[in-house]
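Letters A, B, ... mirror the listed sequences (proteins, then strands); counts begin at 1. These numbers come from the heavy atoms of this one structure, side chains and all, not from hydrogens, waters or symmetry mates. Note that the structure is a prediction, hence the values are computed from the model and not measured.
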2 protein chains.
Amino acid sequence: MATLKDVAEAAGVSRATVSRVINGQAGVNPETRTRVLRAIDQLNYRPHPVARGLATKRTRIIGVFVPTTVTRLFLDHFFPPLLQGVVQAAAGRGYNVMLSLFSDEGDRDSYAHSVHNGYMDGAIAVVSALMSNVLLPRLQAEGFPLVTVGRWPAMDAPSVDVDNRAGARTATEHLLRIGHRRLGTITGPRDLPMPQDRHQGFEDALRSYGIPVDRRLVVEADLTELGGMVAMQRLLEEKPEAVFVQSDTMAIGALKAIRAAGLRVPQDIALVGFDDIPLASLVEPPLTTIRQPIQLLGHMAVELLLDVLENPGNKNAHRQLQLPTELVVRASCGALRTR
Amino acid sequence: MATLKDVAEAAGVSRATVSRVINGQAGVNPETRTRVLRAIDQLNYRPHPVARGLATKRTRIIGVFVPTTVTRLFLDHFFPPLLQGVVQAAAGRGYNVMLSLFSDEGDRDSYAHSVHNGYMDGAIAVVSALMSNVLLPRLQAEGFPLVTVGRWPAMDAPSVDVDNRAGARTATEHLLRIGHRRLGTITGPRDLPMPQDRHQGFEDALRSYGIPVDRRLVVEADLTELGGMVAMQRLLEEKPEAVFVQSDTMAIGALKAIRAAGLRVPQDIALVGFDDIPLASLVEPPLTTIRQPIQLLGHMAVELLLDVLENPGNKNAHRQLQLPTELVVRASCGALRTR
DNA sequence: AGCGGCCTTGAAATCGGTTACAAACGGTGC
DNA sequence: GCACCGTTTGTAACCGATTTCAAGGCCGCT
């Protein structure tokens, strides 16, 4: 490949001048500029990113960290669109994306440590409240630019997340709007932020309809399908008209429990889930649920990170974004019945 | 961060010597070596990958190219485990993975062109016979090290793929073994390599049982669920006992068509699919199918690529790997009935 | 004519490593 | 004692860019 030097010689100028032209710096004579541009064109020259990276100390590479401990993430509906969002947004701003799986195995894992201060200018970390994480706080403490996808209470890094509370409220209000009054809910582990937020939204909705929260109608589960099934079995004793389930996965478990009890969805019990996993539209009946703007999440994470990277003074702006969700009405809520 | 120079001063040697120690080159006095190692340890020094990349002209970054035109790939069951396989294998050999989506829009897309000869030492390209691709052959022609996942007839790059023919044969033989004789098949577009291979396998199986291929029992579709449904409707007129469907997606369509005709799977018609998509185990009845070693595909692609990268003479070895598949017996084939 | 200042440009240092080459050293063989 | 040799180390060039600083040319002004 042609180098800066080749271009300089071809154009009869110094390397410094060529560099100026390439980087669009002011103070280059227009004539000289066109001469340089012509040479660049003729030689089909492209600046060598590695050399540039060495000189500028910025590689225009951002990392994406995904915990390996949660291998499920890879089978998940979440990972591909998120990654797509990240890569697209990054490419649009001239950045490359480097993928890094990392585990939590403490210092043994010098991999991630060498990754940082290595190629990446900064990184987007997918955090799951389900796992403790030693690495991320350390990286952040070392001043490595980090943006998290999902909230992680122990860290105050900029983050993007969906508005779980508002989403849950919307879902619940939908059930109320179409006439259900005796509402139950299946939550995730109540010591995690996400289930807390979604439960807040549930209560918000009840409150706005002047309905008191009945503790017997609130059952906690572990976010798995089986957990949802068990929780629903318990909930059935309370004979709710409708149930807001905090995740589609659990909702599918609930569906099975309802069926097993000889009841029908939505005629006997209406169901609303959360997440809009691909399976949600495929079960019988299809789940009404809350869709997350996953790809947008990736986009915004990139914006946030680049904002930090490119204007270092700006760190106070745009922290902790919350993106709106969308209600997807299908059959499980019984809305169609009332039309 | 500490640099090579710092280490050299701390250890009282020259930078060259430190470099030798780091790279494990012979011809360093053991005493000196330990002195250097101690200094490295004390300063918590790590070689700067960018600087190293500039000097050696190897970045230890490999790319993964995924076509954006097939955005479906991102929603697909294929992408996450493949990527996981690639990243893991790469990390195991000290390589980083850079993700690149690319479209096919010809020269407009200078993105990929700049990517090449940029950071990446080489790349793994996911090819889909469903799309024509201008970029990949050009990159290869320019001498850029490339390994494809999936075969692409127009290119003779090293590749990894599943053994479609053997897999299809296994699937079909399974139907024959459990007693079915009048077999139909739903194929993908017959001008593409993958459907051709799978159909070969189907015929291999029939042949090994001495059964002639009846053209009326071979119906072509477009690999979609709807296509599978339509194809099955046509196939129903021929009253097959069992059908080998070239993809789970089409098989699910076929399932619906059979149901719509008032028939039962597997009692009236047995079904075997291919791919083992996540949905395959969730439909009613669960699909018997052929599982692909997707993660392993990623692993092997990396091995192949690094083989090319690290011993450039070796290019003849290990081209065009075919990985074995696995029969997953569930309910749709009716095997359980015969037990 | 002399001076200050603006616009352009180039020389050279720098980023943090690798590596070709030469030199210093102690030991052998004759 | 000398030529030779292998081991170990250092010097310096190089990878391909950016960037600081100074200098040259040209202008107008006094």
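Using a 30° and 60° split on the angle between ring planes, A:Phe144 and A:Phe65 fall in the parallel class, below 30°.
Counting to the nearest Å, the P atom of C:dA13 and the CG atom of A:Leu54 are 17 Å from each other. Rounded to whole angstrom, the span from the CZ atom of A:Arg33 across to the P atom of C:dT8 amounts to 10 Å. Atom C1' of nucleotide C:dT8 and atom CD of A:Glu31 are separated by 12 Å, given to the nearest angstrom. Following rounding to the nearest Å, B:Arg46 (CZ) and C:dG17 (C1') show an atom-to-atom distance of 16 Å. Spacing between atom CZ of B:Arg20 and atom C1' of D:dG10 amounts to 8 Å, rounded to whole angstrom units. For the pair A:Lys5 NZ and D:dT18 P, the computed distance is 16 Å after rounding to whole Å. D:dT20 atom C1' lies 12 Å from atom CD of A:Gln25, rounded to whole Å. Whole-Å rounding puts the A:Arg58 CZ to D:dG16 P distance at 23 Å.
Between A:Arg52 and D:dT18 there is a side-chain polar atom (N or O) within less than 4.0 angstrom of OP1 or OP2. At least one side-chain nitrogen or oxygen of A:Ser19 sits closer than 4.0 Å to the OP1 or OP2 atom of D:dT18. An OP1 or OP2 oxygen of D:dT7 is reached within less than 4.0 angstrom by no side-chain nitrogen or oxygen of B:Asn29. A close approach under 4.0 Å does not occur between any side-chain nitrogen or oxygen of B:Thr32 and OP1 or OP2 of D:dT8. Remark: A:Lys57 is in phosphate contact with C:dG16, judged by side-chain N or O atoms under 4.0 Å from OP1 or OP2. One finds a side-chain N or O of B:Thr17 lying less than 4.0 angstrom from the OP1 or OP2 phosphate oxygen of D:dG10.
Taking every side-chain heavy atom of B:Arg15 into account, D:dA13 is the closest of C:dT9, D:dG10, D:dA13. Nearest to the side-chain atoms of B:Leu4 among the listed nucleotides C:dG17, D:dG16, C:dT9 stands C:dG17. Among the nucleotides C:dT9, D:dA17, D:dG10, the one closest to any side-chain atom of A:His48 is D:dA17. With distances taken from any side-chain atom of B:Ala16 to the nucleotides D:dG16, C:dT19, C:dC15, the minimum falls on C:dT19.
Both A:Ser14 and B:Val50 lie near DNA chain C, and the one whose nearest nucleotide falls closer to the 5' end is A:Ser14. If B:Gly12 and B:Ala51 are placed on DNA chain D by their nearest nucleotide, the residue sitting closer to the 5' end is B:Gly12.
The environment of CD in A:Gln25 is crowded: more than 12 heavy-atom neighbours from other residues, nucleotides or ligands sit within 6.0 Å.
Side-chain atoms of B:Asn23 and B:Arg52 form a donor-acceptor pair, as typed in the model, at a separation below 3.5 Å.
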Test side chain to side chain contact (heavy atoms under 4.5 Å, CB included) applied to A:Asp161 and A:Val149, step by step: CA-CA 6 Å; A:Asp161 202 352; A:Val149 174; over 6 Å; no
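Between A:Val7 and the choices A:Leu37, A:Leu43, A:Val21, the side chain to side chain contact (heavy atoms under 4.5 Å, CB included) rule is met once, by A:Leu43.
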